[in-house]
Enquirer: 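Right, I'll just put the structure down here and ask away after.
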Amino acid sequence: MTVEDVESFCVAVQNSERMVRQRALKNFEQTFIPGLASDEECSRAFDETYLHVLRCYGDRFESVRTLAVTAMDTLLAKLPANDYYLGCVVPVLARRIGQAEIVEESEEMRLQLLEQLEMLVAKFCDPDGARGDPLLKVFDSVVDILIKTLRDPYPAAQKKSCEIVVALADATPSLHFRAEALVAPAASILTHRHSANRIAAIEALGILSLHILSNGDRVSEIIMAVSPLLMDGVPFVRRACGRVGCLMLQKLRDRYSFFHRILPLVLNCLSDDTAEVREDIAKGWQEAGELYYSENETELAKVALIEKLPPGYPVERYVRPALACRAIVQRSLRVVNLVLHEMEEWKENIRLHATKLLKQIVLHAESAFSTQFLEVNPVLAKACMDTEKDVVAEALSVCELMGNLFEYPTWSQHVLAMFRKYPTIGQLRCMRTLYASCVQDEAKANDVRRFAALLLDPDVCHNYKDAAYQRELLEFCTILATVGGKREQLSTALEEITVSEPEDGEHQTLERTLYTVALKVVAFCHGVEDRDSVRELGLCVLRRLDDNVDRLHEHHLTSVLSKIAHLESENSDTNTSILLLCGIVSECGFQESYFSTLQETLDKALKHAAPEGKVKIFSAISVAMLSWRVHNKQPTEMQNSMVKTFADALIAPYLIWSAGRSAESIRAMATACFASIAQGVDSDVYMSLLPNYLNVLAGLIDDNNIATRAYTLRALLHMQALYFESLKQIAFPILSRLDDPSGEVRELAAICLGRLQLAATGDQQQPSHERWQDILRQVLSVMFLHLEHPEIKLRTAILDSIKRLFVDNRELIKRLAEDVPKDCSYKNDLETIFAGDATVN
C-alpha cells in the first residue's frame, strides 16, 4: 500500500458523497488490507488510516458505518497483539454503545460493534497475566460497555454481551475488579422471554460469582436470582442452572460456606423430569464430590472403610449417591430451613420443587437427616394434604424414603405425639407411610397396638366429613392388620383380655381395636359423598381380620355398642353418637348375639334424642330390618320373640298419634320400620306380630301424613289370611283410601284390597264366612265403581285385586258383575277374568 493509496483513501473516505465513502471502505477492506505482507506494514497502515476509519463509526449512513466496522475487523485481525490498538478502538466503541443514552440507533450495528469487542477480547487474551494483561488498559471501558449492552433492548445484543462476559473472564485476570458491577445488568436478563438469553445470562452470572472476592452477599444474590429458573419450562435453562451449581461447588472461592445455598441448584436437577438434564448434572455432581473427597480424604477414607449399605435401602428405586456427595449434603443441612420455607409458598410449582429437593436431601443425608425430623414433620404433614396431587405424591415419597432410612425410634415417638395433638389427614398420611415403609419389623410389631389405639381415639376415627381421611384410616388399619397377623395369630400372640375390658385401646386385642376403627369408619361413611369406595375398603379391612364378617360382629359389636357415649343427651341427626349408632345399625343389621344390647342402646337413644335424631334412628332401623332374614336363621318361635320384643319396646310407642309436625314425622318413620319388618322377616313371624297391631294400623291408614298412610299400606301388602274380626277392622279403612289425594296411596290401597282373605275358623267357619261375604260385597261394589277412574295404574291395581279375590269368591263377584252395564268400559276386563283360570301371582 503506497503513500498515494493511503492519501487517496483518506480523501475518499472524507468525501461528502456516500457512495464515494462506501467504495473507499470496500476497496480498503478487499484490496489494500489483503496486500499487507508484514506486521510492520499492517502497523503503519493502521497508524495512517485508523482515525479516518474510526470517524466513519459515527457516519449518518448505516451502510457506511457497517463497512467501517468490517474494514477495521479485517485490519485488526492482521495486526500483532499490541495493546496500543486497544487504546485506539475501545474508546470509540465505548462512545458508540457504552453511553447512558443510546447513540447507535441501529440494533444490527450495536451487535456488530459488540462482535468487534468480542474479537478484541479474544485477540488480547492473557488469562494468567504473563503478557502484562493488555486488556487492563481498557478494562473499565469494556466493563462500561457491557453494563450498558447487557440491558440492550435488542435480544441478540444482550446474548452477545453475556458471551463477552464469559470470554472476558478467560481473557484477563482482572475481572474481579469490577465483577460486582456486572451482576445486576446480567441478572436483568434472567426474565427474558428468549430461553437462549436466559441460558447465556445464567452462564455469565456463574462466571461472575467466581470472580467476586470479598462480597459474599453478592454471591448469595446471584444464587437467589438464578434459583427460580430451576422451575423454567425449558429443560436447557434448568440444565444451565445445574451446571452453574456444579461450577460453584468446584471453583467458587470460600465455597464451603456457600454449600447450603448452592446445593438446591444441583439437587433439584437430579430430580428433573428430563433425563438429559438429570444425567448431565449427575456427572457434574459426581465431579464435585470427587474434588471434595480429595480435599477431605483423611476423614472420608476412614468412613469409607466402615460404612455399609443401610438395611432396607430402596436399591430398586434409587442409586445410592457417592460418599463424598453425601458428605457435602450432610454438612450443609442448613439448607433444610430454606426448603421448608419454600414448601409453604402459595405457588404450587414452588411447593412441588421444594418437596422434590427435600427428597434429594433425605436421599443424600440418610440417617444424619434424623436430626431435622422435628422441624420437617409438621411441614411435610402439611404437604401431605396439599391441594396439588403432585405435591402430595412427592411428600409421601419423602415419607417413604425416611421410613426406609431412619431408625424406628428416631421418629415413632414424635409422630405419635404430633398426631395426638393434630389428628389431620396430613399427619395421618405421613405417619401411615413412615410406618409402612419402616424396615425394622420387630420394632413395628411391638408398637402395633399403640398405633391402633391411637386410631381408636374418638378425635381420630369420628371424623366423618372427609372421605379421603376415612380412606387413610382404613389404609392404616390394613397395614396394622398385616403387621399384627391374621386373627388366629393375634389371639395367641397378643395378650388375651377378660370380658371386662378397659377403655384404653392399648389393652384390647388388636383385632378388636382394628375392628372398632374399621366399623366406625364404615358406619360414618353413610354420610359422605364417596360412600361406596369407603365402605368397600372398610369391609376389606374387616375381611382381613376374619373372612366371616358376621362372626366379627358377633364377637366384638357388643363392646362397641357399650362404648357409644352421650346417648342420654338430646342429640340431633347430625350428632356424632347418633350418626355412629345409625351407621352401625344399617351396616350390621340384627343378630341374636348382640340383639339385646343393640335394642337397649337404641331404646336409650330414642328416649333422649331430639325429634330429628329419632327420625334418623328409625330410618336406620328400617334399613336394617330389610336384611333380617340374611342374619337370622333361628327357629320361628325365637324369631317371634325377638321381633315382638323389639316392636313392642321401640316401635309401638311411636305409632300412637300425638300432635305436632315433629311427632308426625317420627310416626311416619316408625310406620316405615313396621313396613320393613313386614318385608324383611319371614311371613310366619310377621303374621304372628300383625294381629296385635291391626287396631293401630287401622288408625294409621287415615293419618294426616301421606307417608304414614303409604307405609301403613305397604306393611299390609304382606299380610296373609286373617280372622273375620281382624279383616273387619281394616277392610273399610283400606277401602276409604281409594279416594285418597295421593296417587301412590290409592294404588297401594287397591293392591291391599286384593290381599283381604278370610282364615278358616273351625266351628265358626260358616257364620264368619257369611258375615265376611256381606262386607266383601260392599268392598267389591266400591271397587267396581272405581274401575271408571281415569288413572290407568289405579284401574290396573283394582283389576289385579279382583282377580285375586275371584279365586275364593267366584259366585259373589259374578253376581255383582251382572249388575254392571254392558257398555261399561271395564266389562270386557271382568269377562276375561271370569273366562280364564284366575291364579294369583
Enquirer: Quick check: closest heavy atoms across Leu205 and Ala186, and the distance to 0.1 Å?
Expert: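 Smallest heavy-atom distance, with atoms named: CD2-CB, 3.7 Å.
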Enquirer: Between Gln112 and Thr70, does any side-chain donor sit less than 3.5 Å from a side-chain acceptor?
Expert: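 The answer is yes; a qualifying pair exists.
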Enquirer: Would you check if the side chain of Ser332 reaches a backbone N or O of Ile328 as a donor-acceptor pair within less than 3.5 Å?
Expert: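 Such a contact is found between Ser332 side chain and Ile328 backbone.
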Enquirer: Here's a test for you: under side-chain hydrogen bond (donor to acceptor under 3.5 Å, both in side chains), which of Lys356, Arg278, Arg238, His353 qualifies with Asp272?
Expert: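 Answer after filtering Lys356, Arg278, Arg238, His353: Arg238.
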Enquirer: Strictly distance-based, threshold 3.5 Å: is any side-chain N or O of Arg110 a donor or acceptor partner for the main-chain N or O of Ile102?
Expert: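 Absent.
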Enquirer: What's the shortest heavy-atom distance between Leu300 and Ala327, and which atoms?
Expert: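 Here Leu300 and Ala327 meet closest at CD2-CB, 3.8 Å.
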Enquirer: Given side chains that start at C-beta, do those of Leu208 and Leu175 come closer than 4.5 Å, heavy atoms only?
Expert: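 Side-chain contact under 4.5 Å: yes.
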Enquirer: Pair up each side-chain donor or acceptor in residues 218-234 with any protein partner under 3.5 Å, not counting sequence neighbours, and list the distances.
Expert:
from	atom 1	to	atom 2	distance (Å)
Arg218	NH1	Glu221	OE1	3.0
Ser220	OG	Gly216	O	3.2
Ser227	OG	Ile223	O	2.6
Asp232	OD1	Arg198	NH2	3.1
Asp232	OD1	Val234	N	2.8
Asp232	OD2	Arg198	NE	3.0
Asp232	OD2	Arg198	NH2	3.3

Enquirer: Counting N and O atoms only, with roles assigned by atom type, does the side chain of Arg253 sit under 3.5 Å from a partner on the main chain of Leu210, one being a donor and the other an acceptor?
Expert: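 Yes, because the side chain of Arg253 sits within donor-acceptor range (under 3.5 Å) of the backbone of Leu210.
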Enquirer: Do Glu307 and Arg326 pass the salt bridge (Lys or Arg N to Asp or Glu O under 4.0 Å) test, and can you show the C-alpha distance, the side-chain angles, and the key distance before you say yes or no?
Expert: CA-CA 12 Å; Glu307 81 159 358; Arg326 285 184 276 121; 2.9 Å; yes
Enquirer: Tell me if the NZ atom of Lys359 is crowded by more than 12 foreign heavy atoms within 6.0 Å.
Expert: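 Atom NZ in Lys359 is crowded, with more than 12 foreign heavy atoms closer than 6.0 Å.
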Enquirer: Only counting residues at least two apart or in another chain, list the ones meeting side chain to side chain contact (heavy atoms under 4.5 Å, CB included) with Val379.
Expert: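 For Val379, the residues satisfying side chain to side chain contact (heavy atoms under 4.5 Å, CB included) (neighbours in sequence not counted) are Leu340, Met343, Glu344.
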Enquirer: Give a yes or no on this: more than 12 heavy atoms of other residues, nucleotides or ligands lie within 6.0 Å of atom CD of Glu348.
Expert: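 It does: Glu348 CD has more than 12 such atoms within range.
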Enquirer: Just by distance, with hydrogens left out, do Tyr154 and Thr149 show a side-chain donor and acceptor under 3.5 Å apart?
Expert: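 There is no such pair between these side chains.
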Enquirer: Using only atom types and a distance under 3.5 Å, with no angle test, would you say the side chain of Thr172 pairs donor to acceptor with the backbone of Leu168?
Expert: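 Flag not set: sc Thr172 to bb Leu168 has no pair under 3.5 Å.
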Enquirer: Please answer whether the main-chain N or O of Val69 pairs with a side-chain N or O of Gln116 as donor and acceptor at a distance below 3.5 Å.
Expert: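 Pair found, side chain donor or acceptor close to backbone of Val69.
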Enquirer: Side-chain donor-acceptor pair under 3.5 Å between Gln14 and His52, yes or no?
Expert: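 Present: a donor and an acceptor within the cut-off.
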Enquirer: About how many Å separate CG of Asn197 and NZ of Lys159, when rounded to the nearest 0.5 Å?
Expert: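 Here the rounded value is 7.5 Å.
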Enquirer: With a 3.5 Å distance limit and no angle check, can you tell me whether Asp126 reaches the backbone of Ala130 through a side-chain donor-acceptor pair?
Expert: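 Judged by distance alone, yes, a pair lies under 3.5 Å.
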Enquirer: Measure across Leu54 and Cys88 and return the closest heavy-atom pair with its distance rounded to 0.1 Å.
Expert: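 In terms of heavy atoms, the two residues are closest at CD1-O, 3.5 Å.
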Enquirer: Between Met402 and Leu380, is there a side-chain heavy-atom distance shorter than 4.5 Å?
Expert: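 With C-beta onward as the side chain, the pair touches.
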Enquirer: Answer yes or no: is there a side-chain heavy-atom contact under 4.5 Å between Ile33 and Lys78?
Expert: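 Of all side-chain heavy-atom pairs linking Lys78 with Ile33, at least one is under 4.5 Å.
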Enquirer: So, Thr371 side chain and Ala368 main chain: donor-acceptor pair closer than 3.5 Å or not?
Expert: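 Side chain of Thr371 to backbone of Ala368: a pair is present.
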Enquirer: More than 12 non-hydrogen atoms from neighbouring residues, nucleotides or ligands closer than 6.0 Å to CZ on Phe236, yes or no?
Expert: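 No.
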Enquirer: Determine, stepwise, if the pair Lys123 / Glu118 fulfils salt bridge (Lys or Arg N to Asp or Glu O under 4.0 Å).
Expert: CA-CA 9 Å; Lys123 184 177 183 66; Glu118 183 181 35; over 6 Å; no
Enquirer: State, to 0.1 Å, how close Val392 and Cys384 come at their nearest heavy-atom pair, and which atoms those are.
Expert: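 The pair with the smallest heavy-atom distance is CG1-O, 3.5 Å.
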Enquirer: How are the rings of Phe46 and Tyr50 set relative to one another: parallel (under 30°), tilted (30 to 60°) or perpendicular (over 60°)?
Expert: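 The arrangement is parallel - the two ring planes meet at less than 30°.
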Enquirer: Tell me, with the steps shown, if Leu150 and Cys162 meet side chain to side chain contact (heavy atoms under 4.5 Å, CB included).
Expert: CA-CA 7 Å; Leu150 283 168; Cys162 292; 3.8 Å; yes
Enquirer: Could you state the interatomic distance from CG (Asp390) to CG (Leu352), rounded to the nearest 0.5 Å?
Expert: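 Result: 5.5 Å between the selected atoms.
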Enquirer: If we only count heavy atoms from C-beta on, is the Pro310 to Ser367 side-chain gap below 4.5 Å?
Expert: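 Sidechains of Ser367 and Pro310: no contact.
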Enquirer: Would a 4.5 Å heavy-atom cut-off, applied to side chains only, mark Ser209 and Phe258 as touching?
Expert: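 Contact flag for Ser209/Phe258 side chains = no.
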Enquirer: Are the aromatic rings of Tyr256 and Tyr292 close, with centres under 6.0 Å apart?
Expert: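 Tyr256 vs Tyr292: aromatic centres under 6.0 Å.
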Enquirer: Compare all side-chain heavy atoms of His364 with those of Phe369 and state whether any distance is below 4.5 angstrom.
Expert: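 Not touching, per the 4.5 Å side-chain cut-off.
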Enquirer: Please identify each residue that fulfils salt bridge (Lys or Arg N to Asp or Glu O under 4.0 Å) with Glu276, with sequence neighbours left out.
Expert: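 Counting only residues at least two positions away or on another chain, Glu276 forms a salt bridge (Lys or Arg N to Asp or Glu O under 4.0 Å) with Arg239.
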Enquirer: Keeping the roles fixed (side chain from Gln250, backbone from Cys246), state whether a donor-acceptor pair exists under 3.5 Å.
Expert: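 Yes: the side chain of Gln250 pairs with the backbone of Cys246.
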Enquirer: Could you tell me which non-hydrogen atom of Leu76 sits nearest to which non-hydrogen atom of Leu120, and how far apart they are?
Expert: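 Result for this residue pair: CD1-CD2, 3.7 Å.
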Enquirer: Which residues pass the ring-ring contact (aromatic ring centres under 6.0 Å, His included) test with His341, sequence neighbours left out?
Expert: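 Not a single residue meets the ring-ring contact (aromatic ring centres under 6.0 Å, His included) criterion with His341.
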Enquirer: Quick one: do Arg96 and Ile145 satisfy side chain to side chain contact (heavy atoms under 4.5 Å, CB included)? Show the steps, please.
Expert: CA-CA 9 Å; Arg96 297 300 300 171; Ile145 292 171; over 6 Å; no
Enquirer: Could you check whether any side-chain heavy atom of Gln158 comes within less than 4.5 Å of a side-chain heavy atom of His192, counting everything from C-beta outward?
Expert: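 Answer yes - side chains close enough.
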Enquirer: Would you please classify the geometry between the Phe177 ring and the Phe139 ring as parallel, tilted or perpendicular, with 30° and 60° separating the classes?
Expert: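 Answer is perpendicular, since the angle exceeds 60°.
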Enquirer: Listed by chain and number, what are the side chain to side chain contact (heavy atoms under 4.5 Å, CB included) partners of Arg18, not counting sequence neighbours?
Expert: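 Arg18: side chain to side chain contact (heavy atoms under 4.5 Å, CB included) contacts with Arg21, Gln22, Phe61, Ser63, Val64.
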Enquirer: Out of Val89, Val53, Leu36, which residue meets the side chain to side chain contact (heavy atoms under 4.5 Å, CB included) rule with Leu75?
Expert: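 Output: one option passes, namely Leu36.
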Enquirer: Identify, with sequence neighbours excluded, every residue that meets side chain to side chain contact (heavy atoms under 4.5 Å, CB included) alongside Asp144.
Expert: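 Result, side chain to side chain contact (heavy atoms under 4.5 Å, CB included) vs Asp144: Ile147, Arg178.
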Enquirer: Between Ile207 and Asp170, is a side chain to side chain contact (heavy atoms under 4.5 Å, CB included) present by the stated rule, with each step listed?
Expert: CA-CA 9 Å; Ile207 293 297; Asp170 293 331; 5.9 Å; no
Enquirer: Using side-chain heavy atoms (C-beta onward) and a distance below 4.5 Å, is Arg261 in contact with Val335?
Expert: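 A side-chain contact is absent here, since even the closest heavy-atom pair is not under 4.5 Å.
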Enquirer: Is a donor from one side chain sitting under 3.5 angstrom from an acceptor on the other, for Asn268 and Gln360?
Expert: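 No pair is found: no donor N or O on one side chain lies under 3.5 Å from an acceptor on the other.
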Enquirer: Please say which of Arg60, Arg65, Arg95 ends up in a salt bridge (Lys or Arg N to Asp or Glu O under 4.0 Å) with Glu104.
Expert: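 Only match with Glu104 under salt bridge (Lys or Arg N to Asp or Glu O under 4.0 Å): Arg65.
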Enquirer: Show your reasoning for whether side chain to side chain contact (heavy atoms under 4.5 Å, CB included) applies to Arg317 and Ser397.
Expert: CA-CA 11 Å; Arg317 295 183 57 193; Ser397 181; 3.7 Å; yes
Enquirer: Within the side chain of Arg243, is there an N or O that forms a donor-acceptor pair under 3.5 Å with the backbone of Ile281?
Expert: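 Looks like no, no N/O pair under 3.5 Å.
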Enquirer: Return the minimal non-hydrogen interatomic distance between Leu363 and Leu405, and the atom names on each side.
Expert: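 Smallest interatomic distance, heavy atoms only, reads CA-CD1, 4.4 Å.
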